Student: 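Structure in structure tokens, see below.
For clarity, every value in this text was computed on a predicted model and none was experimentally measured. Scope of the values below: all heavy atoms of this structure, side chains included, with no hydrogens, waters or symmetry mates. Convention: sequence-line order gives letters A, B, ...; per-chain numbering from 1.
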Amino acid sequence: MIKERYDFVDIESKWQRIWRESGANRVREDETGEKFYGLAMFPYPSGRLHMGHVRNYSIVDVITRFKRMQGFNVLHPIGWDAFGLPAENAAIKNQRPPSAWTYDNISHMRTQLEGLGISYDWEREVTTCSPEYYRWTQWIFLELYKQGLVYRKEANVNWCPSCATVLANEQAEGGFCERCSSEVVLRSLEQWFLKITDYSEQLLSDLDGLVGWPEKVKTMQRNWIGRSEGVQAEFILLPVDLDDSSGDVGCGPRIPVFTTRVDTLFGVSYLVLAPEHPLVVGLVKDTPYEEDVAEFVRNLKGLNEASRTAEDAEKVGMFIGRYCLNPLSGERVPLWIANYVLPQYGTGAVMGVPAHDSRDFVFASKYGLDVRPVILEPGRVPEDAYSLSEAFVGNGVMINSGRFNGMKSEEAWNEMADAVEGLGMGARKVNYRLRDWLISRQRFWGAPIPMLCCPTCGLVPVPEDQLPVMLPEDIVFKTGENPIRSSPSFREAVCPLCGGVAMRETDTMDTFMCSSWYFLRYCDPHNERQAFSREKTDYWMGVDQYVGGVEHAILHLLYSRFLVKALRDCGHLSVGEPFENLLTQGMVCLDGAKMSKKLGNVVSPEDIVARFGADTARLFILFAAPPERDLEWNDRGVEGCFRFINRVWRLACDPRFVDSEGEGLDFGSEGTPLGKDTREMLRRIHMTIKKVTYDIGVRFNFNTAISAVMELVNELYLYKEKPGADVGVLRQGLQAVLLLLAPFVPHVVEELWQGLGYGESIFRQAWPRYRESFLETESVTVVLQINGKVRDRISLPAEIASSEDALKEYVTGLPKVRQWVDEKTMVKTVVVPGKLVNIVVR
RNA sequence: GCGAGUGUGGCGGAAUUGGUAGACGCGCUGGUCUUAGGAACCAGUCCUUCGGGGUGCAGGUUCGAUUCCUGUCACUCGCACCA
């Protein structure tokens, strides 16, 4: 029996309880069926869910519920990215430990997730701030250390004064802290790095194999890695005073530069070093330039990288009184320093070719340096080449380049690279913009870096059997420096090598480290001896469908790819890529702007669930837009979805179903459908099954899947009022509606399924299959066009419509067609069987 | 500047390999039933001078273009002195 009223509060809590108690979503490795690993990016436990979360988890829930009904053995886990600064700030404010705040938030958000009816296997829940988890994060750090992928060095790093910690390059883009938007300053500190650059080439080339990733994300990663092919060429430094020089100039020290345009080598009119270049100080020592250069460098130091590298930053530089020799032309070239040369990229030194590089052109124009064209722009005459108003950066024919004159610049590139190599003055080289991953954080709420500093043995890793290095508890939280340093119990340790007193590393790891391997832990979440077993990860990895926001396109997704490759090379994994397919969902907006606390345009999921229920919330969010697109929130639209669910409910309340309770589970039975309407109804049912299956499974277009079911419901409403309506077919239609809607609105379909007298959970049912034979129609609507314009639509028997010849004959024989054609000449008739006839007349 | 993407009714969006543009939903208009309804149901809803015209704009290919090509404009996102 089905109640008259759709009472979502009762229904949703009832089924959530049943699912929880029956372990409906528990998964084991030994089940039958192909595995499917569906994953949403796990949340930071900020306090409560927002609509972006609801969207993310609803999408994955639809996919995983659908796959489960299709017979896959589905892993659909959830966990918490639980380390991070907000918990520490809350600790300062409330004088409670970060863990208390974090676990409170987790328990509230867990309740919210359950309230949405997302089909998680809660037994696999993972929390990155628990010692059982971060123990293995530390273990991974040590594995990488063993592989030589971890190092410590003093470096100029991005420091956020407000967060009182360093940031990775990826977290300080544009010169502002990703978290708090404070301006980042440069500081020189001893820091821990992971050698992600060892994997630059693999991280880049493996992107080609990720066919299930959006092109946009791959492009972003490619740009971030920034591979460029070029030549590292060496310029010979000339002595301070040439007249004093005795002996062979060719043996002098050399300054390497990196260039992607070795073909412009004869166009070099100066050489520029980054002001921070290590050679600079020595080059000007005891020369008249020493004082001015020192002043120049001092002025630059105050600036952070962002203002230094801003596009509109004025190029400034100075000649430093020295010269060097061009390796190919042998020409004497003045040596400059300038702010536009970056110390971290390439060799920190650049050859200046004003005629063929726009930056050099601007710089040379300002300082009156030589502009010498060496590549002739196609369509120009040589005399013309000197009157440049801007740099010519394209390809053309070589001029002013000695024996290379007359070659195409592309050819000259290779010839000149060969020449440089032949002279022993350099070599071809590939450079990357990607830099090593700085993982040190001077904060408390993170996984401690498991290293010791021993006065006698130096840096010593904590032995594996001493993991985890636990976070101390005797901490006073206040703003300023890393609170861990205030814990004497934590700092002092015993050196495992010499037994002496060693100091513990007080930096913790970037939380991205924790979130770069959580999908591996889900495969084997309770393993106490390993981070994960090879057997389990071999079974589940890689993730078949990953879903999350584009904002993680670089950070999280690149780090995870790196860690998986590194762990594979340590012998712990078989796969080299974590995520087979990636779907980047759009933002949830209100009034055209992303919902955010700052703008005050948030709609609370809790409110929506309270007013309409979780099923309605899920349905709306999936119906309003395809998943990749931004979604405009609309309260009226939510009401529309609520109305639709009620409409389905009332359909199921038809008294005819009560009389035949429990009957008619057989989907494909041929039966003997009687009237035309019934046959048509059957066709609509099977057509809908076909479309919805395709839309969910192949296209991820949940909006059109839902609209197809809405259409079917509309049809069923019309059909059931017809005199000859067949209860069996009606029932089949309702079953199809419920099964097809099951991934979207799990609670209400469970309730109706049970109410209709089918004992088992609807999620134990197989996904419905359509029958090809039911899709056939007896009459087809064919469009009649004259010169491509629609003139008429005619209904024809299928035999005629599906045959090209019969259709053509039939149509051209029609009186109205004769009339349209009349005295004009029929040039051509295009026939698309079953669809359309286009008659071309003149 | 470079790269990627998106432009369709009042709104969110459909149109799967070129073949009925505007499915489905929201909103709006009128109606039925009701003491009432922000419930439910029914009808209508791109523009139109009723010939037609319409998918940002201008061309092209084609019997036929929202779909393919060229150019252009607008917006969004990413990168941005990387030599």
Side-chain angles (χ1 to χ4, degrees), chain A residues 173-174 214-224 226-228 230 257-261 264 272 274 308-315 338-342 344-353 356-360 362-363 431-435 550-551 553-554 586-587 589 592 619-620 623-626 628-641 643-644 646-647 650 691 694-695 698-699 701 703-714 717 721 781-793 827-832 834-841:
Chain A
E173 273 191 61
E215 213 44 56
K216 181 192 170 92
V217 174
K218 289 192 277 186
T219 306
M220 282 167 75
Q221 292 211 355
R222 283 191 190 104
N223 291 341
W224 190 259
R227 181 184 201 272
S228 57
V257 300
F258 177 74
T259 179
T260 56
R261 290 302 301 268
T264 64
V272 220
R308 163 88 175 273
T309 59
E311 183 193 14
D312 46 7
E314 204 195 340
K315 293 180 177 32
N339 65 340
Y340 77 96
V341 179
L342 305 171
Q344 322 85 334
Y345 185 76
T347 62
V350 168
M351 59 189 217
V353 187
H356 301 292
D357 181 283
S358 46
R359 294 153 302 184
D360 297 345
V362 171
F363 190 73
N431 257 326
Y432 300 89
R433 296 168 68 174
L434 184 67
R435 296 185 218 158
V550 232
E551 64 273 19
I554 293 176
M587 301 181 297
C589 301
L619 190 66
F620 170 74
F623 176 62
E628 304 89 337
R629 244 201 261 193
D630 286 353
L631 180 152
E632 177 67 25
W633 187 266
N634 179 350
D635 280 333
R636 304 283 203 155
V638 179
E639 286 167 34
C641 287
R643 275 203 287 275
F644 170 68
N646 275 285
R647 205 163 140 79
R650 286 194 305 276
K691 177 166 173 60
Y694 185 73
D695 282 355
V698 181
R699 298 204 311 159
N701 276 19
N703 55 332
T704 52
I706 293 165
S707 71
V709 182
M710 287 174 168
E711 284 181 77
L712 181 59
V713 170
N714 291 345
Y717 262 91
E721 298 309 323
T781 303
V782 172
V783 172
L784 257 173
Q785 293 183 336
I786 305 290
N787 287 348
K789 286 189 176 116
V790 180
R791 280 292 128 99
D792 202 6
R793 278 146 228 214
V827 181
K828 191 176 179 181
T829 311
V830 181
V831 180
V832 183
K835 278 208 168 133
L836 138 166
V837 178
N838 184 17
I839 299 166
V840 187
V841 296

Student: Counting only side-chain nitrogens and oxygens, does A:Arg650 get under 4.0 Å of the OP1 or OP2 atom of B:C41?
Tutor: yes
Student: If you look at every strand shown and take non-hydrogen atoms under 4.0 Å, does A:Thr829 touch a base, only sugar-phosphate, or nothing?
Tutor: nothing
Student: Check every strand shown and say whether A:Val790 touches a base, only sugar-phosphate, or nothing at a heavy-atom separation below 4.0 Å.
Tutor: sugar-phosphate
Student: Can you find a donor-acceptor pair, distance only, under 3.5 Å between A:Asn223 side chain and B:C79 base?
Tutor: no
Student: Contact class for A:Asn646 vs. all strands (heavy atom < 4.0 Å): base, sugar-phosphate, or nothing?
Tutor: nothing
Student: Under the rule syn = chi within 90° of 0, otherwise anti, which is B:G51?
Tutor: syn
Student: Between B:A23 atom P and A:Lys691 atom NZ, what is the distance in whole Å?
Tutor: 14 Å
Student: More than 12 heavy atoms of other residues, nucleotides or ligands under 6.0 Å from NZ of A:Lys835: yes or no?
Tutor: no
Student: Go through the steps to decide whether A:Val837 and A:Leu784 satisfy the test side chain to side chain contact (heavy atoms under 4.5 Å, CB included), and finish with yes or no.
Tutor: CA-CA 5 Å; A:Val837 178; A:Leu784 257 173; 4.3 Å; yes
Student: Any chance you could lay out the side chain to side chain contact (heavy atoms under 4.5 Å, CB included) test for A:Arg791 and A:Ile839, step after step, and finish with the verdict?
Tutor: CA-CA 10 Å; A:Arg791 280 292 128 99; A:Ile839 299 166; over 6 Å; no
Student: Counting side-chain heavy atoms from CB outward, which of B:G64, B:A14, B:G78 is closest to A:Pro626?
Tutor: B:A14
Student: So, is A:Lys828 near the phosphate of B:C63, with a side-chain N or O under 4.0 Å from OP1 or OP2?
Tutor: yes
Student: Where the side chain of A:Val840 is defined as all heavy atoms beyond and including C-beta, which of B:C63, B:A14, B:A83 is the nearest nucleotide?
Tutor: B:C63
Student: Below 4.0 angstrom from OP1 or OP2 of B:A14, is there any side-chain N or O of A:Arg699?
Tutor: no
Student: When both hydrogen-bonding distances must be under 3.5 Å and the geometry is Watson-Crick or G-U wobble, what is B:C46 paired with, if anything?
Tutor: B:G53
Student: May I ask which nucleotide in the shown strands pairs with B:C63, Watson-Crick or G-U wobble, both distances under 3.5 Å?
Tutor: B:G19
Student: Considering Watson-Crick and G-U wobble pairs with both distances under 3.5 Å, what does B:U76 pair with?
Tutor: B:A4
Student: Round to the nearest Å and state the distance from A:Met710 atom CE to B:C26 atom C1'.
Tutor: 10 Å
Student: Do any side-chain nitrogens or oxygens of A:Tyr345 fall under 4.0 Å of OP1 or OP2 in B:A83?
Tutor: yes
Student: Tell me the interatomic distance from A:Asn714, atom CG, to B:A43, atom P, rounded to whole angstroms.
Tutor: 11 Å
Student: Taking for each residue the nucleotide of RNA chain B with the nearest heavy atom, is it A:Gly637 or A:Thr259 whose nucleotide lies nearer the 5' end?
Tutor: A:Gly637
Student: Considering every strand and a 4.0 Å limit on heavy-atom distances, what is the contact class for A:Glu215: base, sugar-phosphate, or nothing?
Tutor: nothing
Student: Based on the glycosidic angle (syn within 90° of 0, else anti), state the conformation of B:G9.
Tutor: syn
Student: How far, in whole Å, is B:A23 from B:A14 if one measures between their C1' atoms?
Tutor: 5 Å
Student: Using whole Å, report how far CZ of A:Phe620 lies from C1' of B:C26.
Tutor: 9 Å
Student: Considering just the side-chain nitrogens and oxygens of A:Arg643, establish if one lies under 4.0 Å of OP1 or OP2 belonging to B:C24.
Tutor: no
Student: So if I take every side-chain heavy atom of A:Gln785 and compare against B:A83, B:G19, B:G78, which nucleotide ends up nearest?
Tutor: B:G19
Student: Taking all heavy atoms of A:Gln221 and all of A:Ala553, pick out the closest pair and write down the distance.
Tutor: NE2-O, 2.9 Å
Student: By nearest atom, which of the nucleotides B:U16, B:G13, B:G53 is closest to the A:Ala625 side chain?
Tutor: B:G13
Student: So does A:Arg647 get a side-chain nitrogen or oxygen closer than 4.0 Å to the phosphate oxygens (OP1/OP2) of B:C41?
Tutor: yes
Student: OP1 or OP2 of B:C2 versus the side-chain N and O atoms of A:Arg222: is any pair under 4.0 Å?
Tutor: no
Student: Taking the P atom in each of B:G56 and B:C41, what is the distance between them to the nearest angstrom?
Tutor: 35 Å
Student: Just to be sure I understand the rule, does A:Gly226 reach a base, reach only the sugar-phosphate, or reach nothing, if contact means heavy atoms closer than 4.0 Å?
Tutor: nothing
Student: Given A:Arg647 and A:Asn714, is the side chain to side chain contact (heavy atoms under 4.5 Å, CB included) satisfied, shown in steps?
Tutor: CA-CA 9 Å; A:Arg647 205 163 140 79; A:Asn714 291 345; 2.8 Å; yes
Student: Using atom types as modelled and distance alone, determine if a side-chain donor or acceptor of A:Asp630 lies under 3.5 Å from a backbone N or O of A:Met587.
Tutor: yes
Student: C1' atom, B:U8 versus B:G53: distance in rounded Å?
Tutor: 15 Å
Student: Let me know the distance between OH of A:Tyr694 and P of B:U16, rounded to the nearest Å.
Tutor: 10 Å
Student: Can you tell me if the side-chain N/O atoms of A:Thr219 get under 4.0 Å from OP1 or OP2 in B:G78?
Tutor: no
Student: Taking only the side-chain heavy atoms of A:Val830 (C-beta and beyond), determine which of B:A14, B:G12, B:G19 contains the nearest atom.
Tutor: B:G19
Student: With both distances under 3.5 Å as the test, what is the Watson-Crick or G-U wobble partner of B:C41?
Tutor: B:G31
Student: With rounding to whole Å, what would you report as the distance between B:U16 and B:G38 at their P atoms?
Tutor: 39 Å
Student: Any N or O donor-acceptor pair under 3.5 Å from the base of B:U20 to the side chain of A:Lys835?
Tutor: no
Student: Output the single nucleotide from B:G53, B:C24, B:A14 whose closest atom is nearest the side chain of A:Phe623.
Tutor: B:C24
Student: Output the rounded distance in Å from CG (A:Leu631) to P (B:G25).
Tutor: 18 Å
Student: Given B:A83, B:C26, B:G52, which nucleotide is nearest the side-chain atoms of A:Arg791?
Tutor: B:G52
Student: To the nearest 0.5 Å, tell me how far A:Arg636 CZ sits from A:Phe620 CZ.
Tutor: 13.0 Å
Student: Can you tell me which nucleotide in B:G64, B:G53, B:C77 comes closest to the side chain of A:Lys216?
Tutor: B:C77
Student: Take atom CZ of A:Arg629 and atom C1' of B:G12, then tell me their distance rounded to the nearest Å.
Tutor: 9 Å
Student: Between A:Ile786 (CD1) and B:U20 (P), how many Å, whole number?
Tutor: 16 Å
Student: Starting at the 5' end of RNA chain B and moving along, which residue's nearest nucleotide shows up first, A:Gly788 or A:Asn703?
Tutor: A:Asn703
Student: Can you tell me, in whole Å, how much space there is between the C1' of B:G30 and that of B:A15?
Tutor: 30 Å
Student: When you compare the side chains of A:Arg433 and A:Asn223, does any donor N or O come within less than 3.5 Å of an acceptor on the partner?
Tutor: no
Student: Can you find an N or O donor on one side and an acceptor on the other, under 3.5 Å apart, linking the side chain of A:Arg793 with the base of B:U20?
Tutor: yes
Student: About how many Å separate CD of A:Glu639 and CG of A:Asn634, when rounded to the nearest 0.5 Å?
Tutor: 9.0 Å
Student: A:Arg636 has a side chain; which of B:C26, B:C24, B:A80 sits nearest to it?
Tutor: B:C26
Student: Among B:U16, B:G25, B:G12, which is the nearest nucleotide to the side chain of A:Ala624?
Tutor: B:G12
Student: Can A:Asp357 and A:Arg261 be said to form a side chain to side chain contact (heavy atoms under 4.5 Å, CB included), step by step?
Tutor: CA-CA 9 Å; A:Asp357 181 283; A:Arg261 290 302 301 268; over 6 Å; no
